[in-house]
Amino acid sequence: MITIKNETQIEKMRKAGALLHEVLEALRREIEPGVTTLHLDQLAEKLIRDAGGIPSSKGYNGFPSSICASVDDQVVHGFPNKNKLRKGQLLSVDCTCILDGWQSDSAFSVVVGGGNPQAQQLVEVTEKCFWLGAQQAVAGNRLGDIGHAVQAYAESFGYGVIRDLCGHGIGTEMHEDPNVPNYGIAGRGVRLQAGMTITIEPMIAMGTWKVYQEDDGWTIVTRDGRPCSHYEHTLLITDGEPELLSWPGMKVSQVISPDGKMISGQGVLK
Ligand code: MF3
Ligand code: CO
Ligand code: CO
């Protein structure tokens with residue numbers, strides 16, 4: 001069932017999103033060679049709890065940690081661990097929190113310490129996929145408009161769009177209806193309405209989109225062992241451009257022009 005959120009509920013989702021944005025920015029600043037993903041996990045949990053929130057991934061269907069930390073060929077749902085990050089690794093960090101009963105969900109990817117241009121391009125293309133999808137996330141459009149925009153851009157680089165996992169509705173539950181695929185046919189699928197809250201979360205692979213799940217029951221890995229990038233925000237659908245609940249003050253139109261060009265200074269790709 002798709003729910004439409006009222007202004008009181010949206011205000012709570014704004015607060016959860018603002019907290020999550022601060023947490024992810026704090027994590028981003030910590031990332032460098034030698035740091036462990038366990039350190040990032042512990043920091044995320046502390047920052048969320050200190051602000052009165054709950055790290056909602058921890059204990060979710062038995063998931064052990066507050067963040068998902070997925071390195072290189074790990075697509076999503078990697079467990080934080082004590083391994084030291086190495087320069088040139090592609091790290092995705094995904095975090096969810098609840099504040100006052102309402103969820104937010106956001107993820108980013110980085111090349112640890114830089115210096116891996118192929119992985120860097122994958123990270124940047126994945127971000128641009130997100131913005132192109134978000135540009136389509138307007139009341140009256142359909143879910144297929146979002147998926148098509150993401151897919152067309154990713155595939156123009158020869159990259160694979162992960163099929164097995166999708167964005168989703170979000171509210172008091174982390175995962176609500178509808179599914180928000182990163183592939184699709186423009187003009188098809190559920191029609192977007194003002195007051196819907198969804199995530200858009202492209203997972204883009206350098207090679208094949210085919211994946212498998214590790215024996216730990218969680219970690220999703222590419223079948224060809226090539227790297228994968230992930231980027232995610234929680235959005236409110238409006239009659240105009242979507243509100244980025246997990247990035248207060250940011251607007252799609254600040255990042256990308258109506259003709260789909262990244263605006264200089266925001267994204268790295270032109
Ligand atoms: N944050 C993930 C998503 O984007 C889900 C996390 S799964 C969990 O949907 F087990 F870590 F909670
Ligand atoms: Co997420
Ligand atoms: Co999500």
Side-chain angles (χ1 to χ4, degrees), residues 2-3 13 16-17 19-25 27-28 37-38 40-45 47-49 53-71 74-81 91-99 102-110 123 126-127 129-130 133-134 137 143 146-147 150 161-183 196-205 211 213-221 228-237 242 244-247:
I2 297 176
T3 58
M13 290 189 72
L19 169 59
L20 184 59
H21 183 70
E22 275 184 34
V23 170
L24 287 180
E25 286 307 303
L27 298 188
R28 193 192 273 277
T37 51
L38 192 62
L40 300 177
D41 182 56
Q42 289 166 344
L43 178 60
E45 178 164 6
L47 292 172
I48 292 168
R49 292 203 195 276
I54 300 166
S56 41
S57 292
K58 194 164 191 165
Y60 177 84
N61 291 337
F63 190 79
S65 307
S66 299
I67 63 168
C68 303
S70 309
V71 176
Q74 297 177 341
V75 176
V76 286
H77 303 166
F79 294 170
N81 62 35
L91 170 67
S92 303
V93 175
D94 188 357
C95 189
T96 54
C97 74
I98 302 178
L99 194 61
W102 291 81
Q103 301 259 4
S104 200
D105 186 2
S106 181
F108 66 91
S109 297
V110 289
V123 167
T126 305
E127 288 185 16
C129 284
F130 167 83
L143 283 177
I146 297 176
V150 171
V161 174
I162 304 301
R163 305 285 200 279
D164 302 54
L165 300 123
C166 296
H168 46 90
I170 179 168
T172 54
E173 300 295 327
M174 185 193 305
H175 295 137
E176 299 185 355
D177 289 337
N179 264 337
V180 181
N182 294 302
Y183 55 88
M196 285 172 61
T197 48
I198 61 168
T199 73
I200 298 177
E201 49 178 308
M203 287 152 269
I204 307 298
V211 298
Q213 189 174 53
E214 296 272 27
D215 291 340
D216 63 16
W218 279 100
T219 315
I220 306 291
V221 184
C228 188
S229 177
H230 183 204
Y231 190 78
E232 174 178 28
H233 281 292
T234 298
L235 312 178
L236 169 69
I237 304 298
L244 287 151
L245 296 173
S246 52
W247 194 346

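Both counts, for ligands and for their atoms, begin at 1 and track the order of listing. Here, residue 1 is the first one in the sequence, and each next residue gets the next number. FYI, side chains are in, hydrogens and waters are out, and symmetry mates aren't considered; it's all heavy atoms of this structure.
- No donor-acceptor distance shorter than 3.5 angstrom exists from the side chain of S57 to the backbone of S65, with no hydrogens or angles considered.
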Would you sort out whether L47 and E22 count as a side chain to side chain contact (heavy atoms under 4.5 Å, CB included), showing the intermediate values? CA-CA 9 Å; L47 292 172; E22 275 184 34; over 6 Å; no
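- Once rounded to the nearest 0.5 Å, the distance linking OG1 of T172 with CD of Q103 reads 7.5 Å.
- In summary, the atoms of ligand 1 found under 4.0 Å from a heavy atom of Y60, numbered by their order in the structure, are 8 (C), 10 (F), 12 (F).
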Would L244 and L235 satisfy side chain to side chain contact (heavy atoms under 4.5 Å, CB included), going step by step from the backbone distance to the final call? CA-CA 5 Å; L244 287 151; L235 312 178; 3.2 Å; yes
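- Among all non-hydrogen protein atoms, the one lying nearest atom 9 (O) of ligand 1 is H175 NE2, 2.7 Å.
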Given the rule in the side chain to side chain contact (heavy atoms under 4.5 Å, CB included) test, do I98 and S56 qualify, once you have shown the distances and angles that lead to the verdict? CA-CA 6 Å; I98 302 178; S56 41; 3.5 Å; yes
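- Side chains of S246 and H21: a donor-acceptor N/O pair is absent below 3.5 angstrom, by distance only.
- Looking at D94, T199, T234 and measuring to atom 1 (N) of ligand 1, the nearest heavy atom belongs to D94.
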side-chain hydrogen bond (donor to acceptor under 3.5 Å, both in side chains) for S109 and H230? Distances and angles first, verdict last. CA-CA 6 Å; S109 297; H230 183 204; over 6 Å; no
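- The contact set between ligand 1 and E232, taken as ligand atoms under 4.0 Å from a residue heavy atom, comprises 4 (O).
- Shown here for C95 and S66, the closest heavy-atom pair between the two residues is SG-O, 3.6 Å.
- How far CG of L91 is from CZ of F108: 7.0 Å, rounded to the nearest 0.5 Å.
- Closest heavy-atom approach to atom 3 (C) of ligand 1 among the candidates D105, T96, V76, I67: D105.
- The Co ion (ligand 3) lies closest to atom OE2 when only the N/O/S atoms of E201 are considered.
- Not a single heavy atom of K58 sits less than 4.0 Å from an atom of ligand 1.
- When OE1 of E232 and OD1 of D105 are joined through the Co ion (ligand 2), the resulting angle is 90° to the nearest 10°.
- Counting heavy atoms under 4.0 Å from ligand 1, residue S57 touches it through both backbone and side chain.
- Metal site remark for the Co ion (ligand 3): H168 contributes an N, O or S atom at a distance under 2.8 Å.
- The distance from ligand 1 to the heavy atoms of E201 drops below 4.0 Å at these ligand atoms: 3 (C), 4 (O), 9 (O).
- Near C68, the atoms of ligand 1 lying under 4.0 angstrom from a non-hydrogen atom of the residue are 11 (F).
- Close approach of ligand 1 to M174 (heavy-atom distance below 4.0 Å) involves ligand atoms 5 (C), 6 (C), 12 (F).
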